Undergrad: 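This is the structure I have questions about; it appears just below.
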Amino acid sequence: MSHDINCPISQRALLSPPDLSWISRAQVNQPAVLRRAEQVQARQAVKKAWQAAWLLKAVTFIDLTTLSGDDTSSNVQRLCYKAKYPIREDLLKALNMHDKGITTAAVCVYPARVCDAVKALKAAGCDIPVASEQVSQGFQPLQTNSRSMRHLPSLQLLKLSLYDEIRQFRKASGDARVKTILATGELGSLTNVYKASLVAMMAGSDFIKTSTGKETVNATLPVAIVMLRAIRDFFWKTGTKVGFKPAGGIRTAKDALVWLSLVKEELGDEWLTPELFRIGASSLLSDIERQIYHHVTGRYAAYHDLPMS
Amino acid sequence: MAATRVEPRAREIFSTLEYGPVPESHACALAWLDTHDRLLGHYVNGKWQKPEHRNAASCQDPVTGENLATFLQAQEKDVGAAVQAARTAFESWSQLPGTTRAQYLTRLAKMIQKHLRLLWTLESLFTGRAVREIRDGDIPLAQQLLQYHAIQAHIQEEALADWEPMGVVGLILPPTFSFMDMMWRVCPALAVGCTVVALVPPSSPTPLLLAQLAGELSPFPGILNVLSGPTSLAPALVSWPGVQKVVFCGAVEEGRALRRSLAGKGATLGLALGTESLLLLTDSADVDSAVEGVVDAAWSDRSPGGLRLLIQESVWDEAVRRLQGRMGRLRSGRGLDGAVDMGTRGAAAHDLAQCYVREAQSQGGEVFQAGDIPSNNPFFPPTLISGLPPAAPCFQAEVPWPVVMAFPFRTAKEALALANGTPRGGSASVWSERLGQALELGYRLLAGTVWINAHGLQDPAVPIGGCKESGSSWHGGPDGLYEYLRPLGTPPQPPYFCESLNYDTFGLAVPSTLPAELEIGSSPEPPYGLFVGGRFQAPGARSSRPIQDSSGNLHGYVAEGGAKDIRGAVEAAHQAAPGWAVQSPASRASLLWALAAALERRTPALVSRLERQGAELKAARAEVELSVRRLRKWGAQVQAQGHTPQVAGLKGPVLRLREPLGVLAIVCPNEWPLLAFVSLLAPALAHGNAVVLVPSETCPLLALEVCQDMASLCPAGLVNVVTGDRDHLTRCLALHQDIQALWYFGSAQGSQFVEWASAGNLKPVWVNGGSLRAWDQQTEGAGPELGLRAARTKALWVPMGD
């Protein structure tokens, strides 16, 4: 679990009592979802101007992340400046997009580096939120729980304990937004992914996230399809829009386009805003910048043509 | 419309996040057309033919209306030349070792590999189908088909040792087809050693291109010849000697007409008809995935036709809501745009769909249409029709592309009744997470292919076919190979067409039997009745026919059966059929063995009867003995049925089931009165069919003798034997709509009539064309051919995963 500091609260998931019959009825057919994922992956969503625009949009969804053991204030500072200026200014001008204020959606660092990040962003003069990956100070008792939650083997156990836990967390977090990481790689089956998504949303999560980005199995399309369907079903039932964040393994511009088109297909355009869709990534941004460079200049960029983060 | 959208600035797209066109350059397709000066002739014997004074048909881009190319329409003599070329090529091609043919097919696959873009852009340009489906679906499948059949050719000498290639195969393709329909049939035909003459509509250049690619791989010109021309040339194609098989895929009515016009022409006809498929959505299904299944089945260019959608009442609202949401996100546009989901199928398909939708609306159906669709003519939006009960006239018609006809059901039983209650039996899918329910539905749906929790999967190793009016030919897998093979050593069938045969009067009346001269000697046994429903019954006509022995003396009387008796027999058979079909192989085998034992006990009586019919004592003994052996053989063979093909890229099994046909009618030959009767009856029973039999006309007493045992051994109605005038009974059987297959071994005229009349319900027929069969030989009397014809294949796909 994590929460975004400074994030304005646009909406609030309803704290519905857990609807167990809905959860137990859920059915997900894995082979069919895999086929759908293949279809989504094979389709070429957009080209040319559309591709450039979509990629710029993708930039605004990125939670620019550094979660390394050796993070220090200097590389966090670099990261924050890259978040503020994700694409070279002249490239944006060429696309007539320089006044759109394109920045990444947030910066995501270890709790220990949150202060550095906030400071750096303030210095850069922008209000990009900082997300901390792990429960920030003040929720220490829950931190251990939340970690172990990801490793609970049985969903039967998970259902209620997860619900209560997120509820507690939800209360404790006050106005901040709660994001639940489902660690989908360890849930065992897609049906469990669907059920876990439902539980997390019923308990009041504002965002559900595929994985920490540091596990062996990260964001995969089949898992995403199931989570997106759960989000849509929850919206239909309660009227609450819950956000979605895939993290880990999204490295290329092409991947980003596939994810955007997936969200567009499964949930519709309303979900394509930073309030409801985030991509957790670190190296994705530089590939997007390279593609934009190519779109604008018609040349493939050298490593040194684009500023590093 | 995708193609004419002005490119909005990135700025605008940034806020709308709309999709844009992803145009696929078709310059190479145009360049290829230009090398032919935009005038395409025929590709025959490894050369382009552009004969003069032929009608030219110009072909337009289905979207822009721009003239793309002109096709020369073939005439009869062009067909003749093509058949001649194919016959010449057959001489050498069929004699080659399988390994050589395998190498050729592999080379062809590599040749296609070199021209992928040309193939997919050309196909999409002319048909209007979404290029994405052709590029990512069809072309890889075409290559897999070539590879699979190369392997089959390679092992042909071992695996198909008892078979030989039929000869020249005529392939007739309808105006709305994809080139895959051709690949599915050309690959196995070439692999087993046949050569092909394809008659394609004058609007598709892809088959011509394929023929060119194949032809350029010398030294085998003439194995694949492609002509552009109308379907009406089919009789001309068949009238050339050497054409042993005609394969047609297209609309049901066209297939019917073709069946009638080819009656008696000597070539066997393989039909694959109709495009509609069926989807059964139960309340335990993953509804979202099922909705994607509906998209696969009707609203993508992956499938040819419309869809009949059965939704369980309890999930109706949920399913329809999701369907409508999904429909709104479908994009239609020019096929060459790589981003569209649905292309177009030309003006004809548009009008057909339009007409159907209007009709449905006028009959009270609710019509829902959505999607991002250009408004001009050839495009048609995805359409969902609901609220029409089965009694509505529209409901019975075939659902056209891209229409989905949805209706609710309450229980799985009701779903089966509704789904099986149409004359079509092509492909279907079942969506249910309950394994037992899914398998029950999968097994009991009358269809050629059933997918469980999937729709539209295909693989070269899995046979695709149908039942009822969807035709009875298979492509893919082993069944696809047998379509082009005949048992080794059997001669090709000569034509038995009789111009003067009057279909209206053939076998209409029964010559009446008047009291003959005095009965001499001891009064013979009382007349046999008809063996119907497990007991001997008096015939409806209340008359008997005398049977003479070889010296012309009265041997006995048998009942004179008629139309009413046939009706009764078929009804009795239908009552017995379901029970027999679900019997385990072991109990079927034990019945056949019990029958064999009974026959053995009856040997003296049977031998004496055979002797009275003029057989030598030794020959008579041999015939009875062989009959006993045949019953035992088929009994033993019941066990080994079906197999599980391995499918690349699919987790989980695909079951190749051999299902009973249902009620099988058999008209036995006059010769071999006991052996032929048993040889035909045994495989039919072994494969789970209920049977209506007409025994030898001149000597039915042996069959009736056997029936005395069957009365006590078989379930009532499983075997029904109707004696009487063969032509009359044949007429009744051939015109009966509720008989699932008919085997006829009689006169040439009878064969022709049977083929003509079978067009009614398109039942598969097997006729001898008036020629005699060596029933005492293994190949013709008990060969694998009988087993193949006695059951139909169903492919049941069971993908797995959790």
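Note: hydrogens, waters and symmetry copies are ignored here, and every other heavy atom, side chains too, is used. Predicted model, so just to flag it, every value in this text is computed and none were measured.
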Undergrad: Could you check whether A/Lys241 pairs with A/Glu270 (Lys NZ or Arg NE/NH1/NH2 to Asp/Glu carboxylate O, under 4.0 Å)?
TA: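 Counted as a salt bridge, because a side-chain N and a carboxylate O are separated by less than 4.0 Å.
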Undergrad: Quick check on B/Ala285 against chain A: is it the side chain, the backbone, both or neither that has a heavy atom closer than 4.5 Å?
TA: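 Interface part for B/Ala285: backbone (N, CA, C, O).
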Undergrad: Please flag which part of B/Ser284 lies under 4.5 Å from any non-hydrogen atom of chain A: side chain, backbone, both or neither.
TA: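 Backbone of B/Ser284 only, per the 4.5 Å heavy-atom cut-off to chain A.
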Undergrad: Run the numbers on A/Phe235 and A/Trp271 for ring pair (Phe, Tyr, Trp, His ring centres under 6.0 Å), then give the verdict.
TA: CA-CA 11 Å; A/Phe235 171 63; A/Trp271 256 266; 5.3 Å; yes
Undergrad: Counting only heavy atoms closer than 4.5 Å, note whether A/Asn96 contacts chain B via side chain, backbone, both or neither.
TA: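 Looking at A/Asn96, backbone and side chain both touch chain B.
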Undergrad: Answer with side chain, backbone, both or neither: which region of A/Arg25 has an atom nearer than 4.5 Å to a non-hydrogen atom of chain B?
TA: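 Interface part for A/Arg25: neither.
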Undergrad: State, yes or no, whether a side-chain contact exists between A/Leu276 and A/Phe244 at a heavy-atom distance under 4.5 Å.
TA: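 Answer no - side chains too far apart.
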Undergrad: Tell me, please, whether A/Trp22 has A/Lys237 positioned over its six-membered ring: NZ or CZ under 6.0 Å from the ring centre and within 45 degrees of its axis?
TA: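 Judged by the rule (NZ or CZ under 6.0 Å from the ring centre, within 45° of its axis), A/Lys237 counts as positioned above A/Trp22.
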Undergrad: Name the member of A/Asn29, A/Ile102, A/Val28, A/Thr60 that forms the most heavy-atom pairs with chain B at distances under 4.5 Å.
TA: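 So the answer, after comparing A/Asn29, A/Ile102, A/Val28, A/Thr60, is A/Asn29.
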Undergrad: Would you mind checking which part of A/Leu55 comes under 4.5 Å of any heavy atom in chain B, side chain (CB onward), backbone (N, CA, C, O), both or neither?
TA: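 Interface part for A/Leu55: neither.
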Undergrad: What part of B/Asp136 lies closer than 4.5 angstrom to a heavy atom of chain A: side chain, backbone, both or neither?
TA: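 For B/Asp136, the side chain is the part near chain A, not the backbone.
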Undergrad: Please determine whether side chain to side chain contact (heavy atoms under 4.5 Å, CB included) holds for the pair A/Val193 and A/Met227, giving the CA-CA distance in whole Å, both sets of side-chain angles, and the decisive distance to 0.1 Å.
TA: CA-CA 7 Å; A/Val193 170; A/Met227 291 174 69; 3.6 Å; yes
Undergrad: Look at B/Arg322, B/Arg326, B/Glu318 and state which one has the largest set of heavy-atom pairs under 4.5 Å with chain A.
TA: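 Most pairs with chain A among the choices: B/Arg322.
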Undergrad: Assess the side chains of B/Gln312 and B/Thr282: does a donor N or O sit below 3.5 Å from an acceptor N or O?
TA: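 Their side chains do not contain a donor-acceptor pair, so the 3.5 Å distance test is not met.
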Undergrad: B/Ser429 and B/His455: side-chain donor and acceptor closer than 3.5 Å?
TA: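 Looking only at side-chain atoms, B/His455 and B/Ser429 do form a donor-acceptor pair, the distance falling under 3.5 Å.
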Undergrad: What residue, out of A/Leu56, A/Leu95, A/Leu190, has the most heavy-atom pairs lying under 4.5 Å from chain B?
TA: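 Among A/Leu56, A/Leu95, A/Leu190, the one with the most close pairs to chain B is A/Leu56.
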Undergrad: Is chain B contacted by the side chain of A/Lys264, its backbone, both, or neither, given a heavy-atom distance below 4.5 Å?
TA: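 A/Lys264 touches chain B through backbone and side-chain heavy atoms alike.
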Undergrad: Can A/Gln39 and B/Asp296 be counted as having a side-chain donor-acceptor contact under 3.5 angstrom?
TA: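 B/Asp296 and A/Gln39 do have a side-chain donor-acceptor pair below 3.5 Å.
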Undergrad: Quick check on B/Arg302 against chain A: is it the side chain, the backbone, both or neither that has a heavy atom closer than 4.5 Å?
TA: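 Looking at B/Arg302, just its side chain touches chain A.
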Undergrad: Identify which part of B/Leu650 has an atom lying under 4.5 Å from any heavy atom of chain A, answering side chain, backbone, both or neither.
TA: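 For B/Leu650, there is no contact with chain A at all, as no heavy atom is under 4.5 Å.
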